[in-house]
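The sequence lines fix the lettering, A, B, ..., with proteins before strands; numbering per chain opens at 1.
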Amino acid sequence: MSVNIIKLKIDGVEVTVPEGTAILKAAKDSGIIIPTLCNLEGLTAYGGCRLCLVEVSGTPKLFPACSTPVGPNMEITTQSDKLKEYRKMAVQMLLAERTHICSVCVADDHCELQAMANQLGVDHVMFERNWSQDEIDSTHDFLVIDRNRCILCTRCIRVCDQIEGVHTLDLKLRGKDSQVIMDLDEHWGNSCSCTSCRKCAKVCPVGAIYIEGEPIEHTKKRDIAEFIVERRNRR
Amino acid sequence: MEKECKVARTGCIGTCSVGPAVLVEPGDYLYQSVTPDKVREIVRDHIVLGLPVKDMLYKNEAYFQKQHRLVLRNAGKIDPSRIQDYISAGGYSALAKCLATMTPQGVIYEVVTSGLRGRGGAGFPTGQKWSLVARSHNTPKYIVANLDEGDPGVFANRTLAEADPHAIIEGMLIAAYAIGAEKGYIYIRSEYPLAIQTLQKAIAQAKAMSLLGEKILETSFKFDLELRFGAGAFVAGEETAILASVEGRRAMPRPRPPYPANSGLWQKPTLIQNVETLANIPLIVQNGGHWFSKTGTPKCTGTKCFSLTGKISNPGLIEVPMGITLREVVFDIGGGVPDGKKFKAVLVGGPSGGCLPETLLEIPIDYDSLTKVGAIMGSGGIVVIDEDSCMVDTARFFTEFCVDESCGKCTPCRAGLARLKEVFDKITHGQGEMSDIATLEKSGVYIRDASLCGLGQTAPNPVITTLRYFKDEYVKHIVEKQCVAGKCFKTRDEEELE
């Protein structure tokens, strides 16, 4: 099957990519980085964090770059005042949603949410902070989940299902009450399907899942995307 | 006694305020608030002597005069548990016409000509959707009928399924023939037990008469139909969430593209239509698309069912031609606000609709006009609000509903709506500040623009419209700590007592 090569414009730069490529990847290939939190190369696109929203000329709608395929002659804007405002809004909502205190977080300085806030210039949170107080589950030998720091990006769920092939992790409840759970809401230590592969901790963008006793800079390596792709290819 | 008279149980005729209702044919004599004693009188005078009991007849003629009943053509008039009644009312003749004389392309042509747009709320042109699915070479193809009517105060789809289930089935059969599908699902909420029972019976009867299954009407056309039950999530009515739920997964929407027309159920081309849309199809095939397009407005043809509730004299289910004004619906059909109270606002489009003031009552009801003023067609819910209600409290109530129903996938809807609700709680408990209005406005617009699916994109509508049309009430709450309707500023204890 031959793939059509198409031309389009991203931020005014002409780009040539195979038809069907996601906007995010097309942009990355030409050196334009679109902010994301839930997306991770090697896993299916989720479209949840809404940070990668971009403008496409001809429609007032915004599109998530991670899951929207490019079309011929598309004109895409990845940076505008509105988009910047909206990205800051998303980060503020995430920071206000649960309990995020960088100074007492294991992932401090290795956290993608923190880095995103810095990068976008989020200097305050316009909403009342909702200090959640969920119990920390440290029943597993070395994997710990602190759901107060979770941003529900579901990278852990997807990596467990799509790369490790186990599907120990999933979501329970809905809306603001959503939580990442193990098996049928067991304590992690009682999970009979978890293979203790650590992938969930490695892909977690924040300090919600971490490995006890392992230096955080080792767990949350920035080149995790390559790690995932390499693992996937090896399978 | 020589006269013979058939007594049948029917679906609802839509006059909720005067039930139980009895319809005597011929002549469309509708009796209201019938009791066993009254039945004796009706039988003696009307049935035996032929003299209608005038003082027991439904008197509000305006209620039906401005209606135009296409989808609800059989509601209240046939016995939904008998396929024979549907057939004798002309049912399944459109299917026969399709199979005997029309090509699939011919059917799609008529639907395109009719100008019919999806009645689920978004208003996508039905014919265009059908051509997209029909054009795909990927097989098998599927049809999903959406009967997951989750909006509070909305009961149009339920009434349709309970009163005329075969209209939905026939619509699906015709759609299946047009797009080349052999399997369909009706996705229905579990909270509708009578509708489920009625549909199950209707499907069994249609199968027994070879109207479903193999060799339909002795042709090579085959189509199988199954019910799928929702598990109580509002978001499951969103089209990509339905797909997930039918497949047996968590009802969570996913980004589009890919659109279901290309990649739906099990990545196969899938046609998703609301049941109200489907119930229009037999009429379009029978009478032609051109005939259908004469009802309503040029851009928005046909009729729409609305559930009229709230502070209104004649609550009920109505079907009106597109383009009718809101004033006609609220005051002529609905009879206005009861008990001499003053009309304040009307919420159009269900829990994520817009609150419109009296000055906007002259706008015609169609997809584009409603969107322009901040409301939506949505599921066809119309809630009338009188002077006893507080608009800040109303917006808070509907925001709370959407907070509970958000699936939790995307940030704006999950985290944003919850923050909006907190701001409302602040204002209605006397701790509001003027900056809260800006916070509501800014985040409302953000949630609308950035959310993944229709739930989040429309959820801030009550907030945005009440801020646009009733801002003075917000200011009064914040500056003077006053609620014009006396609803807010209760202590937590008082709230718990309520």
Side-chain angles (χ1 to χ4, degrees), chain A residues 20 22-23 37-39 44-53 55 60-71 82-83 85-98 113 125-130 132 150-154 157 170-180, chain B residues 231-236 240-241 249-259 262-263 400-423 425-426 431 433 435-436 438-440 442-453 455-457 459:
Chain A
I23 293 174
L37 274 179
C38 68
N39 192 70
T44 54
Y46 187 59
C49 72
R50 314 310 277 173
L51 277 160
C52 70
L53 289 179
E55 293 166 3
K61 273 176 71 181
L62 303 176
F63 292 88
C66 62
S67 65
T68 310
V70 294
K82 180 175 159 185
L83 289 176
E85 195 55 43
Y86 279 11
R87 283 171 189 153
K88 282 168 90 167
M89 190 81 96
V91 170
Q92 289 182 59
M93 284 176 176
L94 287 173
L95 286 171
E97 190 182 17
R98 293 189 178 181
L113 180 63
V125 175
M126 67 188 284
F127 307 100
E128 302 258 329
R129 310 278 288 248
N130 182 27
S132 64
C150 176
I151 59 167
L152 295 166
C153 68
T154 72
I157 295 173
D170 209 327
L171 286 174
K172 75 166 179 181
L173 301 178
R174 64 173 180 237
K176 62 181 173 34
D177 304 320
S178 304
Q179 296 289 14
V180 171
Chain B
F234 177 59
V235 72
T240 55
R249 291 182 289 119
R250 188 181 158 92
M252 261 182 157
R254 61 158 175 78
R256 293 169 301 183
Y259 291 93
N262 296 319
S263 174
E400 192 172 5
F401 175 81
C402 290
V403 169
D404 288 342
E405 294 299 339
S406 166
C407 80
K409 182 165 183 172
C410 72
T411 311
C413 178
R414 180 191 72 233
L417 286 174
R419 300 292 83 74
L420 280 192
K421 204 225 145 208
E422 283 164 12
V423 177
D425 282 344
K426 239 177 98 185
Q431 287 129 26
E433 299 158 64
S435 63
D436 289 337
T439 308
L440 286 178
K442 257 177 105 177
S443 15
V445 169
Y446 166 69
I447 296 167
R448 182 192 67 194
D449 291 352
S451 289
L452 194 160
C453 81
L455 196 160
Q457 286 160 8

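For L53(A), the part sitting under 4.5 Å from any heavy atom of chain B is the side chain, from C-beta outward, and nothing else. Looking at E405(B), the atoms closer than 4.5 Å to chain A (heavy atoms on both sides) sit in the backbone and in the side chain alike. With a threshold of 4.5 angstrom between heavy atoms, Q92(A) does not approach chain B through any atom at all. At a 4.5 Å heavy-atom cutoff, the contact between V445(B) and chain A is made by backbone and side-chain atoms alike. The contact between K442(B) and chain A is made by backbone and side chain atoms together, counting heavy-atom distances below 4.5 Å. With a 4.5 Å cut-off on non-hydrogen atoms, S451(B) touches chain A through its backbone but not through its side chain. When heavy atoms are compared at a cutoff of 4.5 Å, I447(B) approaches chain A solely by way of its side chain, counted from C-beta outward.
Shortest non-hydrogen contact noted between T411(B) and C49(A) is OG1-O, 3.1 Å. Shortest non-hydrogen contact noted between M252(B) and L171(A) is CE-CD1, 3.6 Å. Here the closest non-hydrogen pair linking M93(A) and A415(B) is O-CB, 3.8 Å. Closest approach of K176(A) and A418(B) over heavy atoms only: CD-CB, 3.9 Å. Of all heavy-atom pairs spanning P255(B) and G47(A), the tightest one is CG-CA, 4.1 Å. Pairing each heavy atom of R250(B) with each of L173(A), the nearest pair is NH2-O, 2.6 Å.
Salt-bridge formation is not detected for the pair R419(B)/E97(A): no Lys NZ or Arg NE/NH1/NH2 atom is positioned less than 4.0 Å from an Asp or Glu carboxylate oxygen.
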Q | From CA spacing to verdict: side chain to side chain contact (heavy atoms under 4.5 Å, CB included), Y46(A), L452(B) | A | CA-CA 10 Å; Y46(A) 187 59; L452(B) 194 160; over 6 Å; no

Q. Should R414(B) and L94(A) be marked as a side chain to side chain contact (heavy atoms under 4.5 Å, CB included) after you check the CA-CA gap, both sets of side-chain angles, and the distance that decides it?
A. CA-CA 10 Å; R414(B) 180 191 72 233; L94(A) 287 173; 3.4 Å; yes

(Q) Test side chain to side chain contact (heavy atoms under 4.5 Å, CB included) on K82(A) and D449(B); report intermediate values, then the result. (A) CA-CA 11 Å; K82(A) 180 175 159 185; D449(B) 291 352; 4.0 Å; yes

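At a threshold of 4.5 Å between non-hydrogen side-chain atoms, the residues R254(B) and T44(A) do not count as touching. A heavy-atom distance below 4.5 Å is not found between the side chains of M126(A) and S435(B).
For the atom pair CZ (R50(A)) and OH (Y446(B)), the distance works out to 8.0 Å, reported to the nearest 0.5 Å.
Interface remark: of the candidates P253(B), P258(B), C410(B), P257(B), C410(B) forms the most heavy-atom pairs closer than 4.5 Å to chain A.
Q431(B) CD: more than 12 foreign heavy atoms inside a 6.0 Å radius.
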